[in-house]
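Scroll down for the structure; my scribbles are underneath it.
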Amino acid sequence: MRMQVGPRRGGRFTAPVVVLSLLPVIALGAWWGVDYLRARLAGNGCDALTPVGITAAPDIAPVLTRLAATVPQQECFSVTVTASESAKTADLLGTTTSGGPDVWVPESSTMLSQARDAGAWNLPESGQPVANSPVVLGLPDETARRFGWPGKTPTWQEILDDSPVGMPDPARDPLAARVPPFGAGSQTCLFPGTT
């Protein structure tokens, strides 16, 4: 009698049976993977948006609001801009324990010192400017003519060396905002910010 080595006749597996058995499993896995990727790519990819609160001076807030609307959703931030007077915000930051806004954009970096003076010790001494404004100096006609105007535009240094120039801080002195600087009632000429 001979012994047969190998599988029995009825128990043979063939390659087509294995492939046909794995095909539904691979198809289901691919379907699930494509569905998962489509859902992740269609959404913003964030589990939750991180809120960022910006408090800005009223003149700056509209520009920041337009910029905030351009932040792509995939960045995972929700930006809200609130307009508030810088002096009011500086005082609030000095007296509140809640920490204030995530970002504060006052009309001038000098407001940081005012807020620190009010008690906001956690603010930096200086900030990063987000914009620059040209500085213009107005002088009475008589003073401007002494410097050779209109034939010559005087430099800042010439003016500062020859005459005392000063102006109170309107944020600290409410009367300063109402008093015209450099001689009330006279015509003035304006020089661009040259150095």
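Just so it is clear, the model here is predicted, and its values are computed rather than measured.
- Summarising the geometry of Leu112 relative to Pro124, their closest heavy-atom pair is CB-O, 3.9 Å, with the distance given to 0.1 Å.
- Residues forming a side chain to side chain donor-acceptor pair (under 3.5 Å) with Thr82 (at least two apart in sequence, or on another chain): none.
- The minimum heavy-atom distance between Ala120 and Arg116, with the atom names listed, is O-CG, 3.5 Å.
- In terms of heavy-atom proximity, Met111 sits nearest to Trp104 at O-CH2, 3.7 Å.
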(request) For side-chain contact (heavy atoms from CB on, under 4.5 Å), just list the numbers for Trp149 and Asp141, CA-CA rounded to whole Å, side-chain angles, deciding distance to a tenth of an Å, and then say yes or no. (result) CA-CA 9 Å; Trp149 185 81; Asp141 281 343; 4.0 Å; yes
N/O donor-acceptor pairs under 3.5 Å from side chains in residues 54-71, not counting sequence neighbours:
{"from": "Thr65", "atom 1": "OG1", "to": "Ala61", "atom 2": "O", "distance (Å)": "2.8"}
{"from": "Thr70", "atom 1": "OG1", "to": "Leu67", "atom 2": "O", "distance (Å)": "2.6"}

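- Summarising the geometry, atom CZ belonging to Arg146 is positioned 12.0 Å from atom CD belonging to Glu158; distances are rounded to the nearest 0.5 Å.
- Atom CD of residue Gln114 and atom CG of residue Leu123 lie 11.5 Å apart, to the nearest 0.5 angstrom.
- Closest of all the heavy-atom pairs between Leu93 and Pro101 is CD2-CD, 3.7 Å.
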